[in-house]
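Take a look at the structure below.
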Amino acid sequence: MSVETISDPRQMQQRMLAARREGQRIAFVPTMGYLHEGHLSLLREGRKRGDLLVLSIFVNPTQFGPSEDLDSYPRDLERDTQLATEAMVDVVYLPDNASMYPPGYGTWVEVDQSLTNTLCGRSRPGHFRGVTTVVAKLFQIVQPDVALFGSKDFQQLAVLRRMSEDLNFPIEIVGMPIVREADGLAMSSRNVYLDAEQRQRALSLHKGLQLARKLVAEGESGCRVLIEKVRELITQAAGAEIDYIQVCHEQTLADMVEVDRHAVMLLAVRFGKTRLIDNHHLMEEN
Ligand code: AMP
């Protein structure tokens, strides 16, 4: 039996309101589809935390810049539906652009620049405005009790926590660990863009993070030194164009000078047209 799918926002909202009236706890995992093990880990946790598990699949146009990969973003609805069924998702919400942004649409949700103008926000102007707007809309439509996000998109998680708190959404935001391939590459729908050589070179992100963690464990605490060492390592991977390497506070995302247990190293590196991100706390998390 296939999973229940709904595309109309009003119908979805009615379905969710009815579930809430019955006392069901709604767990929600928003995605752009082309599901992989990272998404499935969120669904597994969501399955535990809610009576009704909802997955949304929407390649949100407002979070893509004009020269970005909106049109070529990988899509495979048939496979996603199959995976959602196997993950025991109850409802898949599949809106289209016209229903999410009808003619005359004019409301935007924007989080303070201190969180959105740094890291990915610097090279992707308007990206987080698109993310917060669509997630705020999805929260209104799905009305979840709990929503699950991956910490692979570390800045996104920090921005969404801020939004949810500031706008008083009565929703528990859960951050989940990064799921990696066996060789350490963080799983991403965009990994399919990489050719074999780029795929190999892309390991430098994970290796860079491992190097930084090793140096910290050995006593190095200066963020500038760590960033330089990682820059050297990644630069050795031919064809790698570094967008940023930063060490930031996990909540404020402010650049740090000395490592402490709040320090996260965040990377964005381009291989050809493909931009990959990764991050890791620099000290052991407890
Ligand atoms: P996306 O479809 O790329 O927008 O991602 C949807 C959700 O899955 C976001 O909360 C991501 O952070 C999360 N996600 C993507 N990749 C991973 C991964 N490798 N590990 C854990 N979560 C992930």
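Quick note: numbers below take in every heavy atom, side chains included, and nothing from hydrogens, waters or symmetry partners. First listed ligand is number 1; within each ligand, the first listed atom is number 1.
Only the side chain of His39 comes within 4.0 Å of ligand 1, judged by heavy-atom distances. If you look at Pro177 next to ligand 1, the close heavy atoms, those under 4.0 Å, all belong to the backbone. At a 4.0 Å heavy-atom cut-off, ligand 1 does not touch Ser189 at all.
Below 3.5 Å of separation, one finds an N or O of Asp153 facing an N or O of ligand 1. Residue-to-ligand polar distances keep Leu148 apart from ligand 1: every N/O pair is separated by 3.5 Å or more. Among the atoms of Gly150, some N or O lies under 3.5 angstrom from an N or O of ligand 1. The N/O atoms of Ala186, backbone and side chain alike, include none that comes under 3.5 Å of an N/O atom in ligand 1. Not one N or O of Ile178 is nearer than 3.5 Å to an N or O of ligand 1, by distance alone.
Counting the atoms of ligand 1 from 1 in the order shown, those under 4.0 Å from a heavy atom of Pro30 are 6 (C), 7 (C). Counting the atoms of ligand 1 from 1 in the order shown, those under 4.0 Å from a heavy atom of Leu42 are 7 (C), 8 (O), 10 (O), 13 (C). Of all the atoms in ligand 1, the ones that sit under 4.0 Å from a non-hydrogen atom of Thr31 are 2 (O), 6 (C).
Atom 4 (O) of ligand 1 has its closest protein heavy atom at Met32 CG, 3.6 Å. Protein heavy atom nearest atom 15 (C) of ligand 1, with residue, atom name and distance: His36 CE1, 3.8 Å. Nearest protein neighbour of atom 20 (N) of ligand 1, counting heavy atoms only, is Val179 N, 2.8 Å.
Note on ring orientation: taking the six-membered ring where Trp is involved, the planes of Phe149 and Phe139 are perpendicular (angle over 60°, cut-offs 30° and 60°). Relative orientation of the His262 and His249 rings is parallel, given thresholds of 30° and 60° on the angle between their planes.
We find that Glu45 and Lys48 are joined by a salt bridge, their nearest charged nitrogen and carboxylate oxygen being less than 4.0 Å apart.
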